[in-house]
Amino acid sequence: MATSPLSLTSKPPSITRLRHQRPPLTTVRASAATVTTTTGMPDHHPSLEITGGGADRFLPAFNTLHLPYKPFPIIGWNRHLETIFAAFFRTVPEVKYRRECLRTQDNGTIALDWVYGDHRSLPSDSPILILLPGLTGGSQDSYVKHMLLKAKSKGWRVVVFNSRGCANSPVTTPQLQTASFTADTCHVVDHVSSRYPKASIYAVGWSLGGNILVNYLGREHHRCSLSGAVSLCNPFNLVIADENLRKGFNNIYDRALRGGLSRTFEKHTSLFEEMHDEYNVQAGLNPRTVREYDEAITRVSLGYKSVDEYYSNSCSCHVVHDVRIPLLCIQAANDPIAPIEATPYSDIKDNPNCMLIVTPQGGHLGWVAGDDAPFGAPWTDNVVIEFLEHLQNNASKPESS
């Protein structure tokens with residue numbers, strides 16, 4: 001699980017929890033004939049929890065949501081088994097990439113992996129999908145490639161945004177992947193927009209990549225040029241998620257993540273050794289926890305005084321109310337890495353641009369359900385594509401319609 005992009009997090013006492021508590025499930029009334037909601041939303045299956053200020057607007061886009069969520073037998077009945085199975089046994093499709101490296105204002109380097117050949121075969125106005133993998137993840141991960149192929153089959157142009165240091169990307173400054181640094185996301189979106197000015201651009205982020213994406217949507221809403229976005233298994237509140245990561249069996253994920261972080265850091269130690277008084281290089285090479293790694297390396301690169309300050313200022317739950325474009329959030333109620341109680345239900349419900357789908361099972365980056373289970377694409381892929389195609393089709397209609 002060295003490259004399995006699970007998640008991170010931690011805990012200042014100043015964070016208010018009540019606004020993120022999961023409300024009672026009273027928004028859905030089910031009967032034998034139909035399912036309706038108190039807000040008049042179209043029918044959806046009662047095995048799914050659906051809410052959000054934009055639910056009325058977006059639900060007509062989905063066919064998948066009329067069907068029951070059926071986890072694959074045995075594998076899908078245990079959140080840890082499902083998470084680990086998906087990380088190790090999900091098929092990894094063959095995808096050939098063409099890498100493009102961008103230089104940032106601070107002299108950093110970002111690696112974009114485009115699908116090889118699309119620049120010649122697709123029209124310049126084909127819709128574009130930017131993919132943001134999770135912590136230590138990148139274009140090599142199975143869930144990224146499955147989504148890529150699904151979008152490609154619909155005629156979309158796809159590019160994977162590998163955060164600094166991920167997917168064997170070059171590192172030219174003492175900064176690796178972080179949860180709250182939106183400047184790189186701005187740079188990538190601006191670059192893609194300028195390269196394909198006639199195309200509509202969308203983004204999908206998983207786990208920490210989802211947190212990064214939502215932070216960008218909220219903090220940079222005044223300059224965001226995306227036409228829509230999807231966040232999956234987002235930890236949202238890194239304070240709550242960190243506490244959860246250090247409980248019981250969840251420690252296995254903490255060990256996997258810290259291993260991936262330290263291995264990436266080891267490749268680029270020389271950049272950090274020059275500032276040894278600031279960075280704790282030895283702790284970065286042999287951290288006991290993700291939190292210890294972030295205290296030694298990540299928070300220093302961003303200028304935070306403590307890891308608690310870094311985590312509390314990196315929570316995407318605090319900016320959901322500022323999102324100004326269509327945003328679909330998909331969470332699993334039993335996610336061991338991104339606990340459901342960290343999901344900002346209130347802000348999603350109050351924002352007319354947001355919709356939330358919660359599945360009863362799914363684990364973290366699992367969702368071993370649907371026609372492609374157990375080894376194929378996650379259940380969420382079809383849902384995501386339905387949402388994005390709905391947005392694209394509406395954007396393509398003449399104004400008079």
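Since the model is a prediction, treat every value here as computed from it, not as a measurement.
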Min side-chain heavy-atom separation [X]-[Y] under 4.5 Å:
X	Y	answer
M147	V230	no
Y293	L176	yes
P123	K198	no
C166	P133	no
V320	F236	yes
Q177	L135	yes
S306	R299	no
W156	E389	yes

Between L148 and Y97, is a side chain to side chain contact (heavy atoms under 4.5 Å, CB included) present by the stated rule, with each step listed? CA-CA 11 Å; L148 181 153; Y97 292 113; 3.6 Å; yes
What's the separation between atom [atom1] in [X] and atom [atom2] in [Y], rounded to the nearest 0.5 Å?
X	Y	atom1	atom2	value
L245	L257	CG	CG	6.5 Å
L213	I130	CG	CD1	9.0 Å
I84	I252	CD1	CD1	4.5 Å
T172	L271	OG1	CG	7.5 Å
S193	I201	OG	CD1	3.0 Å
Y345	T51	OH	OG1	8.0 Å

If we ignore hydrogens and angles and just use 3.5 Å, is the side chain of [X] paired with the main-chain N or O of [Y] as donor and acceptor?
X	Y	answer
D125	A199	no
T83	G363	no
R57	P352	yes
D372	P378	no
E82	G362	yes
N251	G248	yes
N215	S180	no
N351	D347	no
N382	T64	no
R90	G366	yes

Please determine whether side chain to side chain contact (heavy atoms under 4.5 Å, CB included) holds for the pair R324 and C224, giving the CA-CA distance in whole Å, both sets of side-chain angles, and the decisive distance to 0.1 Å. CA-CA 9 Å; R324 297 291 181 268; C224 174; over 6 Å; no
Geometric class of the [Y]/[X] ring pair [parallel <30°, tilted 30-60°, perpendicular >60°]:
X	Y	result
W114	Y196	tilted
F85	F89	tilted
F58	H390	perpendicular
Y279	F272	perpendicular

Please name the pair of heavy atoms, one in [X] and one in [Y], separated by the smallest distance, quoted to 0.1 Å.
X	Y	value
Y311	L238	O-CB, 4.0 Å
S316	N234	OG-ND2, 3.3 Å
P326	S227	CD-O, 3.6 Å
A86	V368	CB-CG2, 4.4 Å
T136	G260	CG2-C, 4.0 Å
I75	P374	CD1-CB, 4.0 Å

Is it true that atom [atom1] of [X] has more than 12 heavy atoms of other residues, nucleotides or ligands lying nearer than 6.0 Å?
X	atom1	result
E266	CD	no
N107	CG	yes
R288	CZ	no
L67	CG	yes

Apply side chain to side chain contact (heavy atoms under 4.5 Å, CB included) to the pair D350 and H321, showing each step before the final yes or no. CA-CA 7 Å; D350 292 341; H321 61 276; over 6 Å; no
Would you please say whether a donor-acceptor pair under 3.5 Å links the side chains of [X] and [Y]?
X	Y	value
D335	H364	yes
D106	T104	yes
T359	W379	no
D254	T289	no
S312	H318	no

Does a salt bridge link E243 with K247, judged by any charged N lying under 4.0 Å from a carboxylate O? no
Less than 4.0 Å between a side-chain N and a carboxylate O, is that true for D118 and K152? yes
Sequence-distant partners of N168, side chain to side chain donor-acceptor pair (under 3.5 Å), two or more places apart: K267
From the list T264, T109, T178, T173, side-chain hydrogen bond (donor to acceptor under 3.5 Å, both in side chains) partner of R164 resolves to T173
Where do D190 and S194 land on the side chain to side chain contact (heavy atoms under 4.5 Å, CB included) test, with the steps shown first? CA-CA 6 Å; D190 290 347; S194 64; over 6 Å; no
List in chain and number order the residues that pass salt bridge (charged side-chain N to carboxylate O under 4.0 Å, His left out) with R99, two or more places apart in sequence or in another chain; answer none if no residue qualifies.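 If we apply the salt bridge (charged side-chain N to carboxylate O under 4.0 Å, His left out) test to R99, skipping adjacent residues, the hits are D113.
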